[in-house]
Amino acid sequence: MQGELAHRAIKKFYQMTNKKDVSRQLARHERRQTHLRRQQHLQMEEPAVSLPELHHHLSDSWANSVNLAAFLSNNSGDPAVKDFIPKLKNHLLSRVLGYEYDGDEHQFSDSERNDLRFINNLCRVRQPRQFQVNYTTYDIRRDQDSMRPGYNCTVMTLSREEGDHTHPFWYAQVLRAFHIQVLHTGPQARNRSPQTLEVLWVRWLGVDPAYRWGLNDARLPRVGFVPTIDDNAFGFLDPSFVIRGCHLIPAFAQGRSDALLRRGPSVARFGQEADDWAFFYVNM
């Protein structure tokens, strides 16, 4: 805001104060106004889409493009982005080559990864702000989850583990969603034209093996973030594998911990939080 418009806004905000510590109250009202204006702008850019014949929808608007290369450079010391590019290329190569997903990313050589090129070198990547998933409820009805990728966005997918006592689902926190444009030029390439793939960047959670849960125990399943000493703590997921969103409840009695991810701010944490909840209950 400039000139007379800014002057009018100040007078309007002044009427909302109690005339004590006016500067701080004016600043708070201005921040609130800016936040509301941004939210309205995002809603105009990404109208809600409800197409039940589709499994999911990720907005493809260029209005929310980011410089992913700069983002990775600015956060190079964060364990959450360790080996981001090799992991991303492994994930994308598995998909463009048609490999079946078994829960573990196929590992490719450096030369094979070099055959997959990022268009624009990741300097301009669409980052959807809304992720909508259509699913069938337990009473055989259609429903839809609408989520914003970020700290509070958690999804579930079918477990690829086998065994009599394995948990049927895997859980992941969706940190970001991207439309990645690639060009595959290798000798195994099936399509040598530019391709755009939808990708979820996730932080995985694992079931607490020492915790008994179920109807007989009258307890909800308990999960926790996979520690970063595991190379698969962060990874990528095809959004078509998402069943639906899920609600995780912090296990307050278990407290917080920095043993899962080094202490301090991280792109995988909310704001300036320095640690994580040790466990969560899966609301059912």
Side-chain angles (χ1 to χ4, degrees), residues 54-131 133 149-150 153 155 157-160 170 172-204 226 228-242 266-268:
L54 299 178
H55 170 268
H56 68 274
H57 172 76
L58 280 169
S59 169
D60 59 358
S61 171
W62 281 105
N64 294 316
S65 60
V66 296
N67 188 331
L68 186 54
F71 170 81
L72 296 176
S73 176
N74 294 337
N75 296 281
S76 58
D78 192 329
V81 301
K82 180 182 177 182
D83 295 329
F84 186 97
I85 296 299
K87 288 181 178 179
L88 177 59
K89 284 196 171 185
N90 286 340
H91 174 80
L92 296 175
L93 278 169
S94 296
R95 290 171 59 180
V96 299
L97 292 174
Y99 290 172
E100 183 178 354
Y101 179 66
D102 61 1
D104 294 322
E105 295 289 3
H106 186 86
Q107 298 300 311
F108 293 90
S109 66
D110 290 339
S111 61
E112 289 174 319
R113 284 194 288 263
N114 288 336
D115 290 334
L116 187 74
R117 303 176 183 178
F118 295 120
I119 296 176
N120 295 327
N121 293 320
L122 299 180
C123 292
R124 193 182 183 204
V125 176
R126 284 172 288 180
Q127 179 179 297
R129 300 292 182 88
Q130 289 187 0
F131 176 35
V133 180
C153 180
V155 298
T157 183
L158 282 177
S159 170
R160 265 61 182 182
W170 284 348
Q173 179 190 77
V174 180
L175 303 176
R176 302 282 194 282
F178 302 111
H179 289 273
I180 305 292
Q181 294 180 302
V182 297
L183 185 66
H184 193 201
T185 59
Q188 299 179 349
R190 297 183 174 186
N191 184 346
R192 297 181 181 274
S193 301
Q195 304 175 64
T196 300
L197 288 86
E198 299 174 335
V199 176
L200 303 179
W201 179 33
V202 301
R203 184 181 183 186
W204 290 104
V226 176
T228 51
I229 58 174
D230 188 325
D231 290 337
N232 296 316
F234 294 88
F236 298 92
L237 180 65
D238 183 340
S240 66
F241 291 145
V242 171
S266 168
V267 295

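The residues of the chain are indexed from 1 along the displayed sequence. Nothing here was measured: the structure is a model prediction, and the numbers come from that model.
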> At what distance, to the nearest 0.5 angstrom, does SG of C153 lie from CG of L200?
Replying inline: 8.0 Å
> What distance separates L88 CG from D83 CG, expressed to the nearest 0.5 Å?
Replying inline: 12.0 Å
>> Strictly by side-chain hydrogen bond (donor to acceptor under 3.5 Å, both in side chains), give each pair with a member in residues 67-77 just once, sequence neighbours left out.
In response: none
>> Working to the nearest 0.5 angstrom, can you tell me the gap between R192 CZ and T185 OG1?
In response: 7.0 Å
> Rounded to the nearest 0.5 Å, how far does CD of Q173 lie from CH2 of W204?
Replying inline: 12.0 Å
>> Using side-chain contact (heavy atoms from CB on, under 4.5 Å), reason through T196 and R126 one step at a time and then give a plain yes or no.
In response: CA-CA 10 Å; T196 300; R126 284 172 288 180; 3.6 Å; yes
> Taking all non-hydrogen atoms of both residues, which atom of L175 and which atom of A268 are closest, and how far apart?
Replying inline: CD2-CA, 3.9 Å
>> Please find the pair of heavy atoms, one from P194 and one from L183, that lie closest to each other, and give the distance.
In response: N-CD1, 3.6 Å
>> T157 vs V242, test: side-chain contact (heavy atoms from CB on, under 4.5 Å). Steps then yes/no.
In response: CA-CA 5 Å; T157 183; V242 171; 5.6 Å; no
> Any side-chain heavy atom of F71 within less than 4.5 Å of one from V125?
Replying inline: no
> Which atom pair, heavy atoms only, marks the closest approach of V96 to R190?
Replying inline: O-CD, 3.8 Å
> If you look at every heavy atom in D102 and W170, which pair is closest and at what distance?
Replying inline: O-CH2, 4.4 Å
> What is the minimum heavy-atom distance between E105 and S94, and which atoms define it?
Replying inline: OE1-OG, 4.1 Å
> Can you check whether I85 reaches L122 side chain to side chain, under 4.5 Å on heavy atoms?
Replying inline: yes
>> Walk me through whether S240 and H56 qualify under side-chain contact (heavy atoms from CB on, under 4.5 Å).
In response: CA-CA 7 Å; S240 66; H56 68 274; 4.2 Å; yes
>> Quick one, Q107 and N90 - any side-chain contact, counting heavy atoms below 4.5 Å?
In response: yes
> Going by heavy atoms in the side chains, are V182 and L197 under 4.5 Å from each other?
Replying inline: yes
> Which pairs pass salt bridge (charged side-chain N to carboxylate O under 4.0 Å, His left out) with one or both residues in residues 230-239, sequence neighbours excluded?
Replying inline: R95-D238
> Does any non-hydrogen side-chain atom of L68 lie less than 4.5 Å from one of F84?
Replying inline: yes
>> With salt bridge (charged side-chain N to carboxylate O under 4.0 Å, His left out) as the rule and sequence neighbours excluded, what pairs involving residues 113-124 come up?
In response: D110-R113
>> For a 4.5 angstrom cut-off between non-hydrogen side-chain atoms, does F108 reach K89?
In response: no
> Can you check whether S59's main-chain N or O pairs, donor with acceptor, with H179's side chain at less than 3.5 Å?
Replying inline: yes
> What are the two closest heavy atoms between I180 and L92, and how far apart are they?
Replying inline: CG2-CD1, 3.8 Å
>> Test your reading of the model: is there a side-chain donor-acceptor pair from K87 to the backbone of F234, 3.5 Å cut-off?
In response: yes
> Run the side-chain contact (heavy atoms from CB on, under 4.5 Å) check on D60 and E198 step by step: do they pass?
Replying inline: CA-CA 10 Å; D60 59 358; E198 299 174 335; over 6 Å; no
> Roughly how far apart are Q188 CD and L93 CG, rounded to 0.5 Å?
Replying inline: 9.0 Å
> Hey, what do you get for CD (Q127) to CZ (F178), rounding to the nearest 0.5 Å?
Replying inline: 5.0 Å
